[in-house]
Structure formats: structure tokens, C-alpha cells
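Encoded as C-alpha cells, the structure appears first; notes follow it.
Source: prediction; values computed, not measured. Per chain, numbering begins at 1; letters A, B, ... match sequence-line order.
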Amino acid sequence: MPSPQDSPVPYVPPADVAEARRVQEELRSRVDLVGPGPAAPATVAGLDVAYGQDGDLLAAAVTVLDAATLDVVDEAVCVGRPAFPYVPGLFAFREMPALLAALDRLTTRPELLVCDGHGLAHPRRFGLACHLGLVTGLPTIGVGKTPLVGTWTGPGPG
DNA sequence: GCGACAG
DNA sequence: ATCTTGTCGC
């Protein structure tokens, strides 16, 4: 039975925009949309990236919490450079290398990831959260502060 | 053709 | 993302 864990997807830095889009189109079908995931993850990792004033430096940070107590049980940081220009829809290629490096510095393996940016709410249904989830083999939730695509209506009254 | 466009 | 004053809306 194929599963993300059995066939880890290597991260391949694209050479240009066209290749980046091809990578997304190629990997989108490998996202597990039906897996149950951990019923009660023991740990949850939050990831974020901050930039230097010129945008030429960045720091990726990961903090792992005990899901029950919210105690910080692990953390790691990786300073580097943006790996790709910011192009809407290709955001993952910008921060993924640093995020992966930070994750590699962890002592533990978190059971759930929560990262910046969208996952499925993406033009090709393959945002950062999807890509990160495939490469790490971990269930991942993407959190976007502003929409990238689509429209919606708020919940009705009652 | 013009505007919009995760972080 | 990051730099920033005043301003609009609830």
C-alpha cells in the first residue's frame, strides 16, 4: 500500500519558474487527501520564516510542542538565503530549503506540522504545506493569512 | 490588455 | 516578508 512514508519525495530545487510549475503539477497527485493522520498527535511543530531588512537573508524556525501540555520539547533554527524569487504560487521553493534544514536539526520527529502559507488552497492545489508534507512524510496543515486564490462567503447566521 | 497575486 | 502614519470600520 503506497503511503508518503514508504516513498519519501526528495526536494528538488527548480532552475526556473517553468520547472517549478512542472514540479508542482507532477507532485500534486501524490498528496494523501484521505489518510486519517495521527488521531492524537503527541507532538506538533510550528514553522515560520523571518527575513532580513534587504530580504536577502532569512531565518527558518521550528518549534515542537508536546500536544498535551504545550511544553516546548524541541526547537531548531536555520539561517540562509531565499532559494527562489517570490512568485505567487511558487512560494514553497523560496522557503522550503531553509525549513527542511531546520527540521533536520531537530532531535525529535514531530507528528504534525503547521506552517505558513497555503496547502490545497493553491492555483495548482499544491502549496507549501502540501510540498512540505510530501517531502517530510508528515501530515501538514498550511495556514495562510491572506487568500491566494478563490472566493468565499462567510458562514450564514445561525 | 489590465489587474491580482501565500510569504 | 519588511518598512511605516494615519485612517476606516466594527
If I take atom [atom1] in residue [X] and atom [atom2] in nucleotide [N], what distance separates them, rounded to the nearest angstrom?
X	N	atom1	atom2	result
F93(A)	dC5(B)	CZ	P	21 Å
F91(A)	dA4(B)	CZ	P	21 Å
L47(A)	dG7(B)	CG	P	15 Å
R94(A)	dC5(B)	CZ	P	18 Å
L148(A)	dA6(B)	CG	P	6 Å
Q24(A)	dC5(B)	CD	C1'	14 Å
R125(A)	dA6(B)	CZ	P	16 Å
Y86(A)	dA4(B)	OH	C1'	10 Å

dC5(B) phosphate, OP1 or OP2: any side-chain N/O from T146(A) under 4.0 angstrom? no
Using 30° and 60° as the class limits, which term best fits the ring planes of H131(A) and F93(A): parallel, tilted or perpendicular? perpendicular
Using only atom types and a distance under 3.5 Å, with no angle test, would you say the side chain of [X] pairs donor to acceptor with the backbone of [Y]?
X	Y	value
D74(A)	T107(A)	yes
T63(A)	E75(A)	no
E19(A)	P14(A)	no
Q24(A)	G89(A)	yes
D71(A)	V73(A)	no

Give [X] one of three labels, base, sugar-phosphate or nothing, depending on what nucleic acid heavy atoms sit under 4.0 Å from its own.
X	answer
G144(A)	sugar-phosphate
G89(A)	base
P123(A)	nothing
L128(A)	base
L120(A)	nothing

Identify each atom pair where a protein N or O and an N or O of nucleotides 1-10 of chain C are less than 3.5 Å apart, giving names and distance.
residue, atom, partner, partner atom, Å
dA1(C), OP2, K145(A), NZ, 2.9

Side chains of F91(A) and H122(A): closer than 4.5 Å at any heavy-atom pair? no
